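Only a predicted model underlies this, so the values are computations on that prediction, with no experimental measurement involved.
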Amino acid sequence: MSKRIHPKAVSLADIFIKFTSNEECLEYIKGMRWPDGIVRCPTCGDKNVTKYERPAAPTRKTRSETRDKEKTNRRAWFYICLNKDCRQQFSPTSGTLFADSHLPLITWFHAIGLMLNAKKGISAKQLQRDLGIGGYKTAWYLNHRIREAMGTGDIPKLGGIVEIDETYIGGKARGQRGPRAGNKQVVVGIRERKGPLRFIHAADAKAITLKAVIDQHVSADVECYMTDESTSLNSVLRKTGKHQIVNHTRKEYVRGEVHTNSIESAFGLFKRGIVGQFHKVSIKHLQRYLDEFTYRFDRRDNGDAFIETVHRLCGFKPLRFADLTSDPQPETASVPF
Ligand SMILES: [Zn+2]
């Protein structure tokens, strides 16, 4: 396995060092929500707002009480809109998922860091242990909510050279392979050569189903489809006139540009994650796990992955770090979550 660490990749250590309190997380979201530094009321859009600090806590607090404060999502301050017809109270997280959650921001931020950093995924149980979360259900919710944010948004079609393969996940029948082996779920993998990856949970492995999946995810002007000889896709792809097959049964793995190595290694990593971290994945949630995996895979060298994920959870329009630090542009209305 590669030990390469890309200089721009998300560093878990950086996230844990940068965010040590709820206040720091709140400031970070504030910078995202109002990148030009001008705070606007989310209800009426008025810039005429005032900051209200909650009274300081009683001085004779014990250490454990101070620690407990970090375990709630109560904000130390908020804004009040001064428009006399509005008077809305709000904070940088108003209207976002974070405002409704009883979990402190720091727990969310550290959970995002852990999930982005875990190549093969991280289970709710592991998240619970690593972050000292009280209940398993809370950790499970956190895990799934972040996973869901990773799976939403635009999914552009793939083009150029695409490698396609299918695999079967789950099921109890031993010693059987292929679509008729027990209750196995069909997953189609499509990878643009040197580009994005898609995993799609298909209803079955019938040619008509797989064709619909391919049409949905691959651009019509694709240069070439590459598969191995065993896939049920070959009958579908043969007719396109853009199809190349690598023949594994003849011990052929790479013929020049013709190979399916990158889609096979991605499937391998996903399956090791299922076995090693999750043990089992319910059919209902399988697509979410697939989306989480491809989201992380596509951003493994991307230093903006953390900020993008927080943005998605807030429901703000995704912005890259470069966008945030370029010339301040008046922000158009934030999209409430
Ligand atoms: Zn207002």
Side-chain angles (χ1 to χ4, degrees), residues 2-35 67 69-73 75-76 91-93 96-99 101-134 138-153 269 273 277 288-289 291-325 337:
S2 166
K3 289 228 164 69
R4 177 183 61 122
I5 296 174
H6 195 278
K8 278 182 163 179
V10 175
S11 153
L12 188 58
D14 285 349
I15 292 167
F16 276 72
I17 291 166
K18 187 175 164 77
F19 301 107
T20 59
S21 70
N22 291 325
E23 183 62 24
E24 284 162 343
C25 302
L26 193 61
E27 284 293 332
Y28 189 76
I29 293 176
K30 182 185 160 195
M32 256 181 196
R33 184 159 201 167
W34 299 291
R67 258 203 320 272
K69 195 165 149 263
E70 281 296 296
K71 289 183 181 172
T72 74
N73 80 342
R75 312 279 177 251
S91 89
T93 58
T96 74
L97 159 89
F98 297 124
S101 166
H102 72 277
L103 282 166
L105 286 175
I106 187 89
T107 305
W108 279 100
F109 275 43
H110 288 178
I112 296 166
L114 284 166
M115 284 180 72
L116 285 174
N117 194 62
K119 253 175 117 175
K120 288 176 272 181
I122 183 164
S123 67
K125 198 83 204 153
Q126 186 69 43
L127 213 53
Q128 186 188 5
R129 276 196 295 268
D130 288 351
L131 297 177
I133 296 168
T138 307
W140 186 91
Y141 167 76
L142 187 64
N143 207 198
H144 261 293
R145 201 57 200 76
I146 296 171
R147 186 170 289 131
E148 199 172 294
M150 291 174 169
T152 51
L269 194 61
Q277 268 295 327
R288 284 189 179 164
Y289 286 88
D291 290 341
E292 175 197 348
F293 184 91
T294 54
Y295 180 88
R296 187 169 43 231
F297 189 91
D298 287 346
R299 288 160 183 78
R300 63 202 182 286
D301 293 337
N302 182 347
D304 295 330
F306 181 79
I307 193 169
E308 183 187 348
T309 313
V310 177
H311 253 281
R312 281 168 172 249
L313 279 158
C314 284
F316 303 152
K317 187 164 66 82
L319 278 179
R320 296 180 324 120
F321 185 72
D323 297 328
L324 289 178
T325 49
F337 194 81

Subject >> Test side-chain contact (heavy atoms from CB on, under 4.5 Å) applied to I307 and M32, step by step >> reply: CA-CA 9 Å; I307 193 169; M32 256 181 196; 3.4 Å; yes

**OP:** Begin from the C-alpha positions of Y295 and T309 and carry the test side-chain hydrogen bond (donor to acceptor under 3.5 Å, both in side chains) through to its verdict.
**Re:** CA-CA 10 Å; Y295 180 88; T309 313; 2.9 Å; yes

**OP:** Decide side-chain contact (heavy atoms from CB on, under 4.5 Å) for Y141 and I133; before the verdict, give the C-alpha distance in whole Å, the side-chain angles of both, and the deciding distance to 0.1 Å.
**Re:** CA-CA 11 Å; Y141 167 76; I133 296 168; over 6 Å; no

**OP:** For side-chain contact (heavy atoms from CB on, under 4.5 Å), just list the numbers for L313 and I146, CA-CA rounded to whole Å, side-chain angles, deciding distance to a tenth of an Å, and then say yes or no.
**Re:** CA-CA 7 Å; L313 279 158; I146 296 171; 4.0 Å; yes

**OP:** Please step through salt bridge (charged side-chain N to carboxylate O under 4.0 Å, His left out) for the pair K18 and E24, ending with a clear verdict.
**Re:** CA-CA 8 Å; K18 187 175 164 77; E24 284 162 343; over 6 Å; no

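Heavy-atom minimum distance, G151 versus R312: N-NH1, 4.4 Å. Scanning both residues, Q128 and G134, for their nearest heavy atoms gives NE2-O, 3.3 Å. Shortest non-hydrogen contact noted between I106 and F19 is CD1-O, 3.2 Å. Closest of all the heavy-atom pairs between R33 and T93 is NH1-C, 3.9 Å. Taking every heavy atom of both residues into account, N143 and S123 meet most closely at OD1-C, 3.6 Å. Residues R147 and I122 approach most closely at NH2-O, 4.0 Å, considering heavy atoms.
Between the CG atom in L127 and the CG atom in L142 there is a gap of 5.5 Å [rounded to 0.5 Å]. Atom-to-atom distance recorded for F306:CZ and L12:CG is 10.0 Å, nearest 0.5 angstrom. Here the NZ atom belonging to K125 is positioned 14.5 Å from the CH2 atom belonging to W140, to the nearest 0.5 angstrom. With rounding to the nearest 0.5 Å, the separation of CH2 in W108 from OG in S101 is 5.0 Å. Atom-to-atom distance recorded for L105:CG and N22:CG is 5.5 Å, nearest 0.5 angstrom. Going from atom CG of L26 over to atom OG of S91 covers 5.5 Å, rounded to the nearest 0.5 Å.
Sorted by first and then second residue, the ring-ring contact (aromatic ring centres under 6.0 Å, His included) pairs with a member in residues 111-133 form an empty list; sequence neighbours excluded.
Under the 4.5 Å side-chain criterion, counting only non-hydrogen atoms from C-beta, P92 is in contact with W34.
A centroid separation of less than 6.0 Å is found between the aromatic rings of F16 and H110. Note: H144 and Y289 meet the aromatic proximity criterion, with ring centroids under 6.0 Å apart.
Listed by chain and number, the residues in a side chain to side chain donor-acceptor pair (under 3.5 Å) with T294 amount to none (sequence neighbours excluded).
Under the 3.5 Å distance criterion, the side-chain polar atoms of R296 are matched with a main-chain donor or acceptor of M115.
Salt bridge absent: R288 and E292 never bring a charged side-chain N and a carboxylate O closer than 4.0 Å.
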